[in-house]
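First comes the structure, then the notes that go with it.
Each chain gets a letter, A, B and so on, in the order the sequences are listed, and its residues count up from 1.
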2 protein chains.
Amino acid sequence: MSAVGSSSHVGRPRAFDMDTALEKALEVFWRKGYDGTSLSDLTEAMGINKPSLYAAFGNKEQLFLKAIEKYESRPCAFFMPALEKPTAYEVAEHMLYGAAANMATKDQPQGCVVIQGALSCSEAAAVVKEALINRRLEGQQKLLERFERAKTEGDLPASVDAETLAQYLGTVLQGMAIQANNGATSEQLRRVAEMTLLAFPRV
Amino acid sequence: MSAVGSSSHVGRPRAFDMDTALEKALEVFWRKGYDGTSLSDLTEAMGINKPSLYAAFGNKEQLFLKAIEKYESRPCAFFMPALEKPTAYEVAEHMLYGAAANMATKDQPQGCVVIQGALSCSEAAAVVKEALINRRLEGQQKLLERFERAKTEGDLPASVDAETLAQYLGTVLQGMAIQANNGATSEQLRRVAEMTLLAFPRV
DNA sequence: TGATTTTTGTACCGACTGGTATATTAATTT
DNA sequence: AAATTAATATACCAGTCGGTACAAAAATCA
C-alpha cells in the first residue's frame with residue numbers, strides 16, 4: 001500500500017514495498033529451490049504481476065541473487081557476528097548454536113537457501129548454482145582466516161590444521177541444513193552442536 | 001543392442017537394456033535434480049524415446065524412484081557393508097572413508113543423489129522429496145540401531161547417547177555431500193573424516 | 001503363413017514456462 | 001491545465017513441460 005520511497009520520484013508511485021516483496025520471493029525460493037519456483041509462484045507470493053517484477057528486479061535469476069543477499073543480511077544473520085567472538089571455540093559455539101536455532105525454526109523454511117536453493121539443478125540455473133557455491137566457499141574461507149588468527153592469538157593449538165578444521169566445521173553446519181530438511185528439531189540440532197563442540201580443539 | 005531377457009517373450013523385443021538405461025537416468029537425476037531434469041534430458045541420455053520410457057518405467061516420478069534404488073545398490077554401495085563392521089568405531093570409519101571416496105570421485109556426479117535429488121523442490125516433486133527424506137532417516141535409524149548394539153556389545157561407552165551420535169554422524173556424512181558439490185576433493189573429505197574420527201567415542 | 005503381442009518412431013496434446021508489447025493509470029513537472 | 005514520467009493490468013509470445021494416440025515394425029504363437 002505505502003510506497004516508502006527514500007525520495008519522491010516522478011511518475012506513478014510503486015504500489016508495493018520492494019523490501020517485503022523481496023522477502024516473499026526469498027521464502028518461495030528457499031522452500032522450492034530455483035528450478036522448482038515458477039514466476040507464477042513468485043508473483044502470487046509477492047502480490048505483484050510479472051511486468052512489475054521485471055521492472056523492479058530484472059528477471060528470475062537477478063531476483064534470486066537479490067533474495068540471497070537479503071537472506072545473508074537477515075535470516076542468516078548469526079554467521080558474521082559469530083566470527084567476531086574472542087576465541088575459535090566461541091566462534092564455533094555461536095555458529096553451531098546459531099545454526100541449530102535458525103535452521104529448524106518454524107518462522108521460516110527449514111534449512112538454508114544457500115545450500116538448498118540450487119544444489120542439483122538445470123542448465124538454466126547454472127549461474128545461480130555457481131553463485132551459491134561461491135557463497136559457501138567464502139563462508140568457509142572466513143572460518144579458515146578466523147582460525148588462523150586464533151592460532152596466532154594462542155587460543156587454538158598450533159598443532160591444529162586450520163584448513164581442515166574450517167572444512168570440518170563447514171561440513172557439520174551444512175549437514176545441519178540437511179538435517180533440518182529431514183525434520184530435525186532445534187533441540188536435536190543443539191545436541192549435534194554440543195557433540196561437535198566436545199571435540200573442538202582448545203588450548 | 002542386445003535385449004538381455006531372462007526368458008524369451010512374445011512381441012517385438014526391447015531394443016535397449018533397461019539396466020543401463022536406468023543408470024543413465026540416475027546420472028542425469030543426480031546431476032540436475034528431479035525438477036531440473038526434463039524428459040528430453042532423460043530420453044537423450046538413455047538413448048530411447050518417450051513412449052519407450054513410459055512403457056518401461058511408468059513415468060518420470062517412478063523412473064526417479066527406480067533410479068534411487070539402483071543408486072543405493074551400486075554407486076552408494078559402501079553404506080550397508082559398513083554397518084557390519086565389528087565395532088561402532090569401525091562402522092563410522094568405513095562409512096566416513098567410503099563417503100569421502102565415493103562422493104568426490106570423477107567417475108560419477110559429485111555428492112549424493114539421495115540428498116541433492118529433491119532437497120528444495122516444486123509441489124510436483126513432493127512425493128520424491130518425501131521418499132528421499134525417508135531414505136535419509138532410514139539410514140540414520142540403521143546407524144542408531146548399530147550404535148545401540150555396540151553399547152550392549154561393549155565397544156561403545158554406555159555413557160554415549162546413541163541417538164545423538166547417529167544424528168551427528170549423519171550430519172557429517174550429509175555435510176560431506178555438500179562439500180563434494182562445492183568441489184572438495186576426496187583427499188579433503190578424507191581429512192574431514194579423520195578429524196571426525198579423532199573425537200569418536202571408544203571404550 | 002497368418003494372427004497375436006509388444007516395442008518403436010512420429011506426431012501431437014493441453015498446460016505451463018520465462019518474458020514482453022501495449023494501453024491505462026497515477027503521480028510530478030512546467 | 002498540459003506534458004512528462006513511471007508503474008500498473010491485461011493479454012499475449014514462442015518454447016518447453018510431462019504425457020499419449022496411433023500406426024509401422026519385429027518378434028513369437030498357432
Side-chain angles (χ1 to χ4, degrees), chain A residues 1-22 25 28-29 32-67 118 121-128, chain B residues 1-22 25 28-29 32-67 118 121-128:
Chain A
M1 295 306 172
S2 62
V4 187
S6 51
S7 64
S8 63
H9 286 310
V10 69
R12 179 172 176 171
R14 186 171 280 124
F16 63 95
D17 180 54
M18 285 189 64
D19 218 57
T20 60
L22 191 53
V28 178
F29 280 132
K32 300 192 169 190
Y34 185 80
D35 277 334
T37 299
S38 71
L39 281 186
S40 309
D41 293 332
L42 292 167
T43 54
E44 188 182 352
M46 299 165 85
I48 64 180
N49 45 37
K50 280 192 274 184
S52 296
L53 189 156
Y54 277 80
F57 301 104
N59 62 10
K60 188 186 177 186
E61 181 178 302
Q62 291 167 46
L63 174 60
F64 182 91
L65 297 176
K66 282 167 186 161
C121 59
S122 68
E123 280 111 357
V127 169
V128 159
Chain B
M1 297 304 172
S2 62
V4 187
S6 49
S7 63
S8 64
H9 285 311
V10 67
R12 179 171 177 171
R14 185 170 281 125
F16 62 96
D17 180 54
M18 285 190 65
D19 217 55
T20 61
L22 192 53
V28 179
F29 280 132
K32 300 191 170 191
Y34 186 80
D35 277 334
T37 299
S38 71
L39 281 185
S40 308
D41 292 332
L42 291 167
T43 54
E44 188 183 351
M46 299 166 84
I48 64 179
N49 45 36
K50 281 191 275 185
S52 296
L53 189 156
Y54 276 80
F57 302 102
N59 61 9
K60 188 187 176 186
E61 182 178 302
Q62 291 167 45
L63 173 60
F64 182 92
L65 297 176
K66 282 167 186 161
C121 59
S122 68
E123 280 112 358
V127 169
V128 159

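Direction of the helix axis in the helix from C:dT1-D:dA30 to C:dT30-D:dA1 shifts by 10° between the two five-pair termini, rounded to 10°.
Between D:dT20, C:dT7, C:dG19, one nucleotide has an atom nearer to the side chain of B:Arg14 than all others, and that is C:dT7.
For the residue pair B:Ser122 and A:Gly36, the shortest heavy atom distance occurs at CB-O, 3.4 Å. The two residues A:Glu61 and A:Ala124 make their nearest non-hydrogen contact at OE1-O, 4.5 Å.
Sorted by first and then second residue, the pairs that involve residues 34-54 of chain B and meet salt bridge (charged side-chain N to carboxylate O under 4.0 Å, His left out), not counting sequence neighbours, are B:Lys32-B:Asp41.
For DNA chain C, the neighbouring residues in residues 34-44 of chain A, judged by any heavy atom under 4.0 Å, are A:Thr37, A:Ser38, A:Leu39, A:Ser40. Near DNA chain D, defined here as any heavy-atom distance below 4.0 Å, there are no residues from residues 56-65 of chain A.
As rounded to whole Å, 12 Å separates atom P of C:dT20 from atom CG of A:Leu53. Between the NZ atom of B:Lys50 and the C1' atom of D:dC22 there is a distance of 15 Å, given to the nearest Å. The distance from atom CZ of B:Phe29 to atom C1' of D:dG18 is 12 Å, rounded to the nearest whole Å. The NZ-P distance, from A:Lys32 to C:dG18, rounds to 11 Å in whole Å.
Atom CG of A:Leu53 sits about 4.5 Å away from atom CD1 of A:Ile48, to the nearest 0.5 Å. Atom OG1 of B:Thr37 sits about 5.5 Å away from atom CZ of B:Phe29, to the nearest 0.5 Å.
Remark: B:Ser52 is not in phosphate contact with C:dT7, judged by side-chain N or O atoms under 4.0 Å from OP1 or OP2. Contact annotation: A:Asn49 reaches the phosphate of D:dA9 (side-chain N/O to OP1 or OP2, under 4.0 Å).
Note: B:Phe64 and B:Tyr34 have perpendicular aromatic rings, judged against thresholds of 30 and 60 degrees for the angle between ring planes.
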Contact list (N/O, under 3.5 angstrom) for nucleotides 22-27 of chain C vs protein:
from, atom 1, to, atom 2, distance (Å)
C:dT25, O2, A:Arg12, NH1, 3.1

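A heavy-atom distance below 4.5 Å is found between the side chains of B:Leu63 and B:Leu22. Using a 4.5 Å heavy-atom cutoff, the side chains of B:Leu39 and B:Tyr54 are in contact. Looking at heavy atoms from C-beta onward, B:Lys66 lies in side-chain contact with B:Phe57 at the 4.5 angstrom threshold.
Every residue meeting the side chain to side chain donor-acceptor pair (under 3.5 Å) condition with A:Ser52, not counting sequence neighbours, appears here in chain and number order: A:Asn49. For A:Lys60, there are no salt bridge (Lys or Arg N to Asp or Glu O under 4.0 Å) partners, not counting sequence neighbours.
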